[in-house]
Amino acid sequence: MSSRRRTPAPSKRNTVAMTVESTANHRTAFFHDERCLWHGTAGLFSLFLPVGRWVQPPAGAGLADSPESKRRILSLLQVSSLADVLEFTSAPMATEEDLLRVHAKSYLDDFKSLSDAGGGEIGLVAPFGPGSYEIAKRSAGLALHAVDAVVTRRFGNAYALSRPGGHHCLRDRALGFCLLSNVAVAVEAAIANHDLGRVAILDWDVHHGNGTQSIFYARDDVLFISIHQEGCFPPAYGGAADQGDGKGLGYNINVPLLPGSGHDAYLYVMERIVTPAIDRFRPDLLVVSSGLDANGADPLARMLAHAGTFKAMTEQMMALAARHCGGRLALVHEGGYAEAVVPFCGAAIMEALAGASSDIVDPTREMFEAWQPNARQRAFQRGLIDEMAAAQPLLS
Ligand code: ZN
């Protein structure tokens, strides 16, 4: 195993650091755009079932990819004391040049044509309405500019409330509500524009980040780590044996967890796999695919994380960013469908990023803490995580 490990190439980051450090801004940015919340999923999906035949249309905000779970993050931040410490901002759309670093031109052309024609579906569980091509470019733009802002020190760290999400989207096919690969577009732009040597991506969305994985699978300059519920979505992706290809072998790490895993399992993965892998890799930039659907009430998964889990993971990513890349950390929103719970998870992340406590009281926390797996189940899950850590070439 150890023969597979390679020493990463010398970093080019210092050039960037020296040119922008003098104008550094340490504030935390929250990138959002109202238009992203107007992306329509054409009413086709109620939770995970297509509407029609034996499935009745949902009442109210019953759509799986309803904008409400995202909008309510912004709303909660704005009515809380966090509004005083965050910089709310927006960003332009990603350009065609930005998208073509990741996506096939034929896919972009087909997507735009269908969007202009009123919408439809261009992949598995990826419905959209009129104008969604431009909205998806805006979503990718939020990710791209949040990443760019932390690389150039316009902000200390940042969160992009992207919608539609991106981590399932392949180079030439939409999948699972994801129409453009937002994080991949943002990372490729950062590499192209700022000459970064290495970027690490942690995907803690409860579903596997198959799209991002596929785009960087043969690369040794982008480390991709996905923590997800085993076998949840998409089908036939995300096994721990998928470790990269060619020179990328070892730089793709999948950590599938059993349904019902909670706070302890997530933090143990951070300790046993994420932290040592990033310490080995020594990235110039850290990006998180921040799905908030591992919480204990999500309708599209069965995990037991809570706001405190997301806050702790964010703090650990901040510590890694401080250790390796001058604090450069950007989080890009992915999934999260429990409208009442997602905002508390998002706010906890923003508390961590801003280094501020807030006046928000999370009424779900006590219930989720009571639901955590017992000691015997935690020990079993830790054993599985130890096995996965031992099988990773980058950690050998
Ligand atoms: Zn998800």
Side-chain angles (χ1 to χ4, degrees), residues 36 39 41 44-49 62-73 123-128 136 139-140 143 159-170 173-184 201-215 224-239 254-262 265-266 269 287-307 309-310 313-314 331-346 349:
C36 288
H39 160 61
T41 50
L44 293 176
F45 281 84
S46 166
L47 300 180
F48 52 89
L49 297 174
L63 292 176
D65 191 27
S66 155
E68 282 308 297
S69 56
K70 286 78 176 173
R71 189 193 307 277
R72 288 176 187 217
I73 300 174
L124 177 66
V125 197
F128 57 89
S139 179
Y159 195 101
L161 189 63
S162 291
R163 178 176 183 271
H167 73 147
H168 293 312
C169 186
L170 306 170
R173 186 174 168 231
L175 188 68
F177 308 144
C178 298
L179 304 175
L180 294 173
S181 187
N182 300 329
V183 163
I201 302 167
L202 172 62
D203 185 330
W204 65 44
D205 187 284
V206 80
H207 307 102
H208 178 238
N210 66 291
T212 317
Q213 167 179 291
S214 71
I215 288 161
F224 177 70
I225 306 172
S226 178
I227 312 172
H228 49 273
Q229 181 183 321
E230 183 170 15
C232 191
F233 187 88
Y237 279 97
N254 283 325
V255 188
L257 299 177
L258 295 177
S261 295
Y266 275 86
V269 173
V287 180
V288 174
S289 254
S290 180
L292 304 181
D293 38 12
N295 76 70
D298 198 275
L300 297 187
R302 288 296 175 266
M303 295 303 227
L304 290 169
H306 50 66
T309 314
F310 290 103
M313 291 196 293
T314 303
L331 287 76
V332 177
H333 197 76
E334 299 283 358
Y337 308 97
E339 294 173 5
V341 180
V342 161
F344 295 106
C345 300
I349 288 172

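From a predicted model like this one, the values you see are computed outputs, not experimental measurements. Counting starts at 1 for both ligands and their atoms, in listed order.
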Original post:
Going by heavy atoms in the side chains, are Y266 and V255 under 4.5 Å from each other?
Top reply: no

Original post:
For P164, does its backbone N or O pair with a side-chain atom of S139 as donor and acceptor, under 3.5 Å?
Top reply: yes

**OP:** Could you tell me whether the Zn ion (ligand 1) has an N, O or S atom of E334 under 2.8 Å away?
**Re:** no

**OP:** Please state whether the separation between the Zn ion (ligand 1) and some N/O/S atom of H207 is under 2.8 Å?
**Re:** yes

**OP:** Taking atom types as modelled, find out whether D205 and H207 have a side-chain donor-acceptor pair closer than 3.5 angstrom.
**Re:** yes

Subject >> Three-point angle D205:OD1, the Zn ion (ligand 1), D293:OD2, rounded to the nearest 10° >> reply: 110°

**OP:** Would you confirm whether the ring centroid of Y237 sits within less than 6.0 angstrom of the ring centroid of H168?
**Re:** no

